[in-house]
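A short write-up of the structure that comes next.
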Amino acid sequence: MSAPGEPVLRVRDLVKHFPVRSRGVVRRKIGDVHAVCGVSFDLHENETLGLVGESGSGKTTTARTLLNLERPTSGSVSYRDRELTGLSRRQMRPLREELQIVFQDPYASLDPRISVRDIIAEPLRIHGRYDEAGRAEVHDLLRLVGLNPEHGNRYAHEFSGGQRQRIGIARALALRPKVVVLDEPVSALDVSIQAGVLNLLMDLQAELGLSFLFVAHDLSVMRHVAHRVAVMYLGRIVELAPTRELFARPSHPYTQALISAIPLPDPRKERARRRIVVQGDVPSPISPPSGCRFRTRCPKFATQLTESERTACVEQTPELTDRGTGTPVACHYAQPLELL
Amino acid sequence: MTVGDKGYAQRPEPATPTEDTVLEVDGLQVAFPSEDGLVRAVRGVSYRLERGAGLGIVGESGSGKSVTALAVMGLLPAAAKVTGSVRYRGSELLGLSDTRLSDIRGSGIAMIFQDPMTSLNPVHTVGAQIIEGLLRHNPDMSKRAARDRAVELLGTVGIPHPDRRADSYPHELSGGMRQRVVIAIAMANDPAVIIADEPTTALDVTVQAQVLEALETAREETGAALVLITHDLGVVAGHTDRVAVMYAGRVVESGTVEELFYEPRMPYTLGLLGSMPRMDRDDDRLTPIAGSPPSLLNLPPGCPFAPRCPMREDRCDRDEPSLHVVDAGGHRSACHFADRLVGMEAGAVFEATGADNESLARLARSDSEASSEASFEASSETAAEATAESESANDMNGSTDGTYGKGSR
C-alpha cells in the first residue's frame, strides 16, 4: 500500500440530527436523534480510512451525509476545496463522477429489472459518457471485478451475494471516481466470499490511487484494509489513529473494549486473553449522556476513577485531541494499553 | 457435575457411547421436498456429546448446521424427511410424538435461537415465559417459588434489577437483554444439553461478549453440554473444546479446536481460516475460496467441495470421501488427500485472487493518460476557449439531465 497523499475530503464539525415526531395528526417535533455530533476528519489521496463502530454509532449516517445523500444539520464537507454542503442535487451531479458509493446490501442496491450490463452502464449514460466504446468498457469493468463479461445480460438475482457486491463495485468504478464510500461492503457475505471482495477492493485502491472511506462494524476487517481507523461511539469519533498503532496500543476505553471483545480464531490465544467487558447497552441517541457519552458503560469510569475524577467525565465533553499518546483520542483519562 | 468445569479439558471422543454420553446423533439425514425435487439439506451427520462437553458446529450459510439442530429438537416442519438416529441418554428421539418430545425439550435438551425477538412471545412478560417453562417440567412447584426462581435466573444471566425486569415485555428490552432472557429460559430446568444456534449473530461485539459470558455462566450453573452453532470461527475457538466443520450438508472435518485451527486436514477448513482477516497479526493477503457452495438439489457425485478445491483430482469428481480418522486421537477429515495438508499454510494451497490484473493495468493506464491529456489542454487554453467550454459544459448538463430521466425509468 502506497503512502497517502494530500487530503481530498475534509469534514469539519459535521452534525446530523433527525427529528423525532409525536404520533397523531399534528406530528409535533418532540426531540432529535443525535446521529452524528461534531465529526471531523480528513480523507487523503490514495488512502483507506476506516470508520468503525457498533449499530447506532452514526457511521453510516456520516458516510451518507458526506455524499449529500442526507443534508447535514450543520458543519462542512469539502472535496478538493469545493464545499459540498448546501449544493443542490443538480449542482451535486457533476461531482458524483468523482464521489461514489457502494452500499451494504447487495440484494437491495441493484435494480432487479435491468441486466447487469445496464446496471453498470447506467452511471455512464447518466453522465453522457456511454459512447461506441461503452459496451467494451462495461465488459472490462466486469472482468476487472472478477466476473465473466459474457454474463452481462443476466439479471442481478442470477448472481450470488458476493458476485452482486462485485457488480455494485463495478458500477461505482464506472465513472472512474476519486473517492469511494464503502458502506459495510462485506458484512452480508460469508467469510470465504468476503475475502475475495476485500482483496479486490485493496487492489483497486492501491492500483487506481483511490481514496476509500470504509465503513464497517468488524474490527478484523479494518485491521486488514485500512490505513487509519476512526472509532465512533454514539455519533462521535472517540479515537483516530494509524491502523497498526490503534491495534497495538488503543488509548480510549471504548476502543480497548471493542478490541478485547472480538474473538480470535486461535484457541490458545483466545483462552489466554484479557477481556475488558463493558456493561449494559448503547444509550438512546435521543438523549445521549452528558459529558463523555461512553461514561455510562465505561469500565474505567466504573472501577478506576475517583469521585472527583469522574466529575470531568460527567460535565465536560472530551475533545478529540492528542493527549500525549501521539494520536487524537476523546477521553480525559486516555491511557494506551496493549491487548493483542 | 462440578461447578466451574467449563469442559475445556482435552478429552478425546470415545469410540463407543459411554454412560457419560448425553447426546448421540448418528447418520442424520434431512431432505425437503420442493417443486424442483428433493433438497438434501443434511446428508449424514454424526456426533456424540459427553456430559459437560462443548462442541462447535461451524459452516457458512446453507451448510445445514441449523437444520441439523432443528432435526435434533424435532422442530422441523412435517414435510421434512428425517432419517438416522438421535439418542438422548440412550433413548431414541426421532419418531417420538410432540407431547413426548415436549417432556425432553427444556428439561433434557434446551435450545437458544438466533433471533430472540421471534423466540420470545411478545404478549407475555419475560418472567411469565420463564415461569411457564419451570411449571411445565415441575408441576408441583408453587407459583411463588417459580417466580422467585425466575427472578434468580434473570439475575444469573446478568440482567440488572431482575425483580423489576421480570415484569417487562420482550419489546422493552434490548437485543442483548432479550438473548439473556432466552438463556435464562434455556437453563431454567437444568438441561443436560444446550443447543445454541448462532446465539450472538444479531448482536454488536461488545454485547456479544456479554451474552457469551452469560452462556458460560449458564453452563457452569447447570453443567450442561453445549452445542454451539455459528459461522464465526473466533467464537468457537474460545468457547468449545471440539469442533465440526460442515459443508453441503455433511461434516467435512472434526476434531479438537487445536487440531482444527492449527492442523486443518480438509482444504475447506484451511480455506476458511485463510479467508479470515485477523486482528492479531498483519496478514499480507487473504486467500478466498473461489466459487460458491453447491446447490443441495441434485448434488453431483463426488466431493461437494471439489469444484472450489485447488487440490481437486479426477478421483474427487467420482467418489465422495468419507469422514475418516487422519491421525491419532479423534481428528477426522473427509478429504482423499488429507495427509497432503500436513504442515500446509492456506497461502500454499489457495490463490490470493483479487482484481483482474490485465483489466486493472488497462484501467490504471487509461486513467493516467486521461489526466496527462487534461493538463495539456489546460495549459494551451485561451480565454476564448474557456468561455466556449463553459457553454458546452452547460449543454452537457442539460443533456445529462435528459439521459438521467430516461435512465432512471
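The sequence lines fix the lettering, A, B, ..., with proteins before strands; numbering per chain opens at 1.
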Original post:
With only heavy atoms counted, which part of A:L200 is less than 4.5 Å from chain B, the side chain, the backbone, both or neither?
Top reply: both

Which side-chain N or O atoms in residues 350-358 of chain B pair as donor and acceptor under 3.5 Å with protein atoms at least two apart or in another chain?
from, atom 1, to, atom 2, distance (Å)
B:D356, OD2, B:S359, N, 3.0
B:D356, OD2, B:S359, OG, 2.7

**OP:** Could I get the full list of salt bridge (charged side-chain N to carboxylate O under 4.0 Å, His left out) partners for A:D118, not counting sequence neighbours?
**Re:** A:R125

Subject >> Region of A:E54 in contact with chain B, defined by heavy-atom distances below 4.5 Å >> reply: both

**OP:** Quick one: which of A:P123, A:A261, A:P265 has the most heavy-atom pairs under 4.5 Å with chain B, could you say?
**Re:** A:P265

Original post:
chain A: which of B:G271, B:S61, B:P160 shares the most heavy-atom pairs with it under 4.5 Å?
Top reply: B:S61

Subject >> Leading residue by heavy atom contact count with chain A [cutoff under 4.5 Å; candidates B:I289, B:L233, B:V236, B:T206] >> reply: B:T206

Original post:
Picking from B:Q208, B:M279, B:H231, which has the most non-hydrogen pairs under 4.5 angstrom with chain A?
Top reply: B:M279

**OP:** Under 4.5 Å, counting heavy-atom pairs only, tell me which of B:L212, B:D280, B:L363, B:L286 racks up the most with chain A.
**Re:** B:L286

**OP:** Could you tell me whether the side chain of B:K65 and the main chain of B:G59 form a donor-acceptor pair under 3.5 Å?
**Re:** yes

**OP:** Side chain from CB out, backbone as N, CA, C, O: work out which of these in A:I259 comes under 4.5 Å of a heavy atom of chain B, or both, or neither.
**Re:** both

Original post:
Is there side-chain contact between B:T200 and B:T230, with heavy atoms separated by less than 4.5 Å?
Top reply: no

**OP:** Using a cut-off of 6.0 Å, state whether more than 12 heavy atoms not belonging to B:R164 lie near its atom CZ.
**Re:** no

Subject >> Winner by heavy-atom pair count (cut-off under 4.5 Å) against chain B, out of A:Q279, A:M222, A:K269, A:R273 >> reply: A:K269

Original post:
Donor-acceptor pair, B:R178 side chain versus B:L173 backbone, under 3.5 Å?
Top reply: yes

Original post:
Taking the six-membered ring for Trp, are A:F294 and A:Y233 parallel (under 30°), tilted (30 to 60°) or perpendicular (over 60°)?
Top reply: perpendicular

Original post:
Cationic tip of A:R164 within the cone over A:F159's six-membered ring, i.e. under 6.0 Å and within 45° of the normal?
Top reply: no

Subject >> Contact origin within B:R362 toward chain A - heavy atom pairs under 4.5 Å >> reply: side chain

Subject >> A:L264 portion near chain B, given a 4.5 angstrom heavy-atom threshold >> reply: both

Original post:
Given a strict heavy-atom distance threshold of 4.5 Å, which part of A:R129 is in contact with chain B: side chain, backbone, both, or neither?
Top reply: neither

**OP:** Name the region of A:V221, side chain, backbone, both or neither, that has any atom closer than 4.5 Å to a heavy atom of chain B.
**Re:** both

Original post:
Taking B:Q210 for the side chain and A:G280 for the main chain, is one N or O donor matched with an acceptor at less than 3.5 Å?
Top reply: yes

Original post:
In terms of heavy-atom pairs under 4.5 Å, which option from A:E207, A:E137, A:R143 contacts chain B the most?
Top reply: A:R143

**OP:** Under 4.5 Å, counting heavy-atom pairs only, tell me which of A:D266, A:L204, A:L141 racks up the most with chain B.
**Re:** A:D266

Subject >> chain B contacts, top residue of A:H217, A:Q163, A:R297 (heavy-atom pairs, under 4.5 Å) >> reply: A:R297

**OP:** Please flag which part of B:Y262 lies under 4.5 Å from any non-hydrogen atom of chain A: side chain, backbone, both or neither.
**Re:** side chain

Subject >> Pair A:E45-A:R80, salt bridge (Lys or Arg N to Asp or Glu O under 4.0 Å): steps then yes or no >> reply: CA-CA 10 Å; A:E45 213 166 65; A:R80 293 190 193 279; 3.5 Å; yes

**OP:** Could you tell me whether a side-chain N or O of A:S192 sits under 3.5 Å from a main-chain N or O of B:P288, the two making a donor and an acceptor?
**Re:** no

